[in-house]
Number of protein chains: 2
Amino acid sequence: MENREYKKVIEYVKSEIAKGTLQLKNKLPTERVLAEELSMSRSSIREALRTMENMGMLESTQGSGNYLTGNLNKMFAESIGMMLLLKQVSYSEVNAVRRALETDAYVLAMGNITEEMEEKLKELYQGMENSEGDQKILKDKEFHYLIIRASGNKLIISIMEALEEIYEESVGHILKTSSKETKDQLMRCHKKMLECIIGKDEINGRRALDEHYGIIEGQC
Amino acid sequence: MENREYKKVIEYVKSEIAKGTLQLKNKLPTERVLAEELSMSRSSIREALRTMENMGMLESTQGSGNYLTGNLNKMFAESIGMMLLLKQVSYSEVNAVRRALETDAYVLAMGNITEEMEEKLKELYQGMENSEGDQKILKDKEFHYLIIRASGNKLIISIMEALEEIYEESVGHILKTSSKETKDQLMRCHKKMLECIIGKDEINGRRALDEHYGIIEGQC
DNA sequence: GAATATTTGTCCGTATGTATA
DNA sequence: CTATACATACGGACAAATATT
């Protein structure tokens with residue numbers, strides 16, 4: 001069907017946001033009030049509220065009310081996870097998206113990164129070298145995501161954080177099972193990434209990231 | 001809340017897909033049967049079905065049933081549209097994601113493109129030169145999306161198609177209101193993109209796309 | 001084509017758990 | 001602690017669209 005009743009509620013919420021009368025963290029009218037105002041049953045209102053909750057638009061708290069939130073990023077993980085489950089896309093294709101976005105983020109980060117961040121990156125890199133197992137994987141992730149966050153592009157950050165959940169087993173597994181040679185290769189990539197972001201060397205930085213993702217791709 | 005009843009239904013559907021007992025286009029058990037099997041009320045079942053419908057996982061048809069579909073891409077448009085509405089991300093940031101993904105798609109397309117596609121691209125380019133207004137915008141879009149589809153990466157295609165809806169007014173508007181000089185500049189980019197994809201010249205092809213998006217960005 | 005059964009769409013009423021004043 | 005407001009969940013009823021006989 002196309003003409004769904006519950007879409008009226010979503011349209012209502014959107015218009016209230018557009019008008020400025022509904023803002024983040026604000027409480028929505030109660031279900032009964034919404035039902036009356038929009039001339040719908042509570043059931044239909046609730047179906048709409050559920051979809052919006054699932055989307056990350058709002059959060060419902062029993063006994064209190066429905067509050068506008070803005071956690072839309074979790075939907076990226078849901079959608080792509082479902083696509084993977086239905087085999088509509090492959091892990092390799094998801095990986096290509098990751099590479100494209102992280103490369104872009106890396107270049108953007110080059111222009112934004114502060115000295116504090118550079119120090120933190122060095123710290124994380126050293127941490128990677130001096131640790132093993134889960135600890136190393138954690139430092140690795142922090143290394144990448146510090147750069148991604150430093151890009152300042154909130155959409156890229158959202159998507160990459162969503163994809164992090166999907167990959168945390170898969171890539172983690174790769175890192176655990178790969179040979180020492182592969183691990184050393186990855187460490188050299190990280191070192192180059194670190195050097196190039198400090199030295200603002202975009203070309204070699206891109207190469208390091210490309211090599212990094214090439215190794216990951218090869219282990220899939 | 002975290003422990004939502006309706007999530008049981010989503011988990012149920014996911015597990016059926018994983019087991020292979022539920023496939024695309026298949027009909028789900030009726031709402032009443034689901035209610036009985038999962039020991040829930042029909043209302044709760046319906047809330048779950050609605051969220052899944054909204055997600056693009058299934059389609060409900062009155063009098064018939066609920067059928068598993070796989071149109072997850074529409075959720076990308078919804079989520080990003082909502083982020084834009086809430087001003088959590090800017091059009092400029094969305095543009096950066098488009099650039100990153102289209103550039104990746106462009107390079108992938110270089111390796112996949114057939115002679116027929118190249119002919120079609122030439123045709124579209126000529127069509128752009130020889131037309132004006134909405135017709136020109138349409139050819140422009142077709143030109144870009146032929147390349148994107150030629151990339152073969154179904155996730156990139158999904159995301160870009162979702163972003164197309166969001167940008168179709170915004171970019172269309174830019175093309176309508178920009179000066180002749182800007183338009184000529186864009187045409188030169190398209191020409192370079194065409195030449196480089198045929199000549200497998202990745203470096204200059206990337207440059208052409210970068211220039212193209214730089215112009216779009218400048219008009220925002 | 002018509003009649004009947006099935007299934008989703010919508011609504012209402014009620015009971016319960018939770019948050020808030 | 002009490003009372004009120006609110007979301008959560010259930011079950012029943014009827015309408016509307018579809019499928020089946």
Side-chain angles (χ1 to χ4, degrees), chain A residues 1-14 16-17 21-72 74 78, chain B residues 1-14 16-17 21-72 74 78:
Chain A
M1 264 287 196
E2 192 59 36
N3 276 344
R4 277 276 144 67
E5 281 294 288
Y6 78 97
K7 296 209 168 179
K8 290 203 306 191
V9 189
I10 300 182
E11 287 310 313
Y12 163 83
V13 172
K14 281 186 183 175
E16 290 298 304
I17 295 169
T21 47
L22 183 61
Q23 299 183 336
L24 234 63
K25 303 270 180 183
N26 282 173
K27 184 177 164 184
L28 275 71
T30 69
E31 295 179 352
R32 284 171 180 82
V33 172
L34 280 173
E36 183 136 11
E37 289 213 6
L38 301 176
S39 307
M40 298 166 56
S41 69
R42 285 193 298 281
S43 320
S44 297
I45 297 288
R46 284 182 59 77
E47 289 179 5
L49 291 172
R50 277 289 183 284
T51 67
M52 287 191 279
E53 184 192 39
N54 193 246
M55 217 189 288
M57 283 175 62
L58 52 86
E59 272 176 20
S60 306
T61 319
Q62 187 173 357
S64 176
N66 295 285
Y67 299 86
L68 191 71
T69 61
N71 308 323
L72 286 312
K74 65 181 202 178
E78 281 287 330
Chain B
M1 265 285 198
E2 192 59 36
N3 276 344
R4 278 276 142 66
E5 282 294 290
Y6 78 97
K7 296 209 168 180
K8 292 202 305 190
V9 188
I10 300 183
E11 286 311 312
Y12 163 83
V13 171
K14 280 186 182 174
E16 291 297 304
I17 295 170
T21 47
L22 183 60
Q23 299 183 337
L24 233 65
K25 304 269 181 184
N26 282 172
K27 185 178 163 183
L28 276 71
T30 68
E31 297 178 351
R32 284 173 178 83
V33 171
L34 280 173
E36 183 135 11
E37 289 211 7
L38 301 176
S39 307
M40 299 168 55
S41 69
R42 192 157 87 95
S43 321
S44 297
I45 298 288
R46 284 183 58 78
E47 288 180 6
L49 292 172
R50 276 294 147 75
T51 67
M52 288 190 278
E53 184 191 40
N54 193 246
M55 218 188 288
M57 282 174 61
L58 53 85
E59 272 176 21
S60 307
T61 316
Q62 186 172 359
S64 176
N66 295 287
Y67 299 86
L68 191 71
T69 60
N71 308 322
L72 286 313
K74 66 180 202 178
E78 281 288 329

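Convention: sequence-line order gives letters A, B, ...; per-chain numbering from 1.
Considering only side-chain N and O atoms, A:Asn66 lies under 4.0 angstrom from the phosphate OP1 or OP2 of D:dA7. For the pair A:Ser44 and C:dC11, the criterion of a side-chain N or O lying under 4.0 Å from OP1 or OP2 is met. In this structure, A:Arg46 reaches the D:dT8 phosphate: one of its side-chain N or O atoms is under 4.0 Å from OP1 or OP2.
Atom NZ of B:Lys8 sits about 6.5 Å away from atom OG of B:Ser39, to the nearest 0.5 Å. To the nearest 0.5 Å, atoms CG (A:Asn26) and CD (A:Glu16) are separated by 10.5 Å. The distance from the CD atom of B:Glu59 to the CG atom of B:Asn71 is 6.0 Å, given to the nearest 0.5 Å.
One interatomic measurement links the two molecules: OH of A:Tyr67 to C1' of D:dA5, which rounds to 11 Å at whole-angstrom precision. One atom, CD of A:Glu59, and another, C1' of D:dT8, lie 16 Å apart when rounded to the nearest Å. Atom CE in B:Met52 sits roughly 12 Å away from atom P in C:dT8 (whole-Å rounding). The interatomic distance linking A:Glu31 (CD) with D:dT8 (C1') rounds to 8 Å, in whole Å. One can place CD of A:Glu5 at 18 Å from P of C:dT8, the figure rounded to the nearest angstrom. The CG-P distance, from B:Leu49 to C:dT7, rounds to 14 Å in whole Å. What separates CD of A:Glu47 from P of C:dC11 is a distance of 10 Å, to the nearest Å. If you measure from atom CZ of B:Arg50 to atom C1' of C:dG9, you get 7 Å, rounded to the nearest angstrom.
In terms of modelled atom types and a separation under 3.5 Å, the side chain of A:Thr69 and the main chain of A:Gly56 share a donor-acceptor contact. Side-chain atoms of A:Ser41 do not come within 3.5 Å of backbone N or O of A:Ala35 as any donor-acceptor pair. A donor-acceptor pair is defined here as one N or O able to donate and one able to accept, closer than 3.5 Å; such a pair exists between the side chain of B:Lys27 and the backbone of B:Ser64.
A salt bridge does not link B:Glu78 with A:Lys7: none of the charged nitrogens is closer than 4.0 Å to a carboxylate oxygen. A salt bridge is absent between A:Glu47 and A:Arg50; no separation between the charged side-chain nitrogens and carboxylate oxygens falls under 4.0 Å. Classification of B:Arg42 and B:Glu31 as a salt-bridged pair holds, one side-chain N sitting under 4.0 Å from a carboxylate O.
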Provide a list of protein-nucleic acid N or O atom pairs under 3.5 angstrom, restricted to nucleotides 12-16 of chain C.
residue, atom, partner, partner atom, Å
C:dC12, N4, A:Ser43, OG, 3.4
C:dG13, N7, A:Arg42, NH2, 3.4

Check: protein-nucleotides 4-6 of chain C nitrogen or oxygen pairs below 3.5 Å:
none

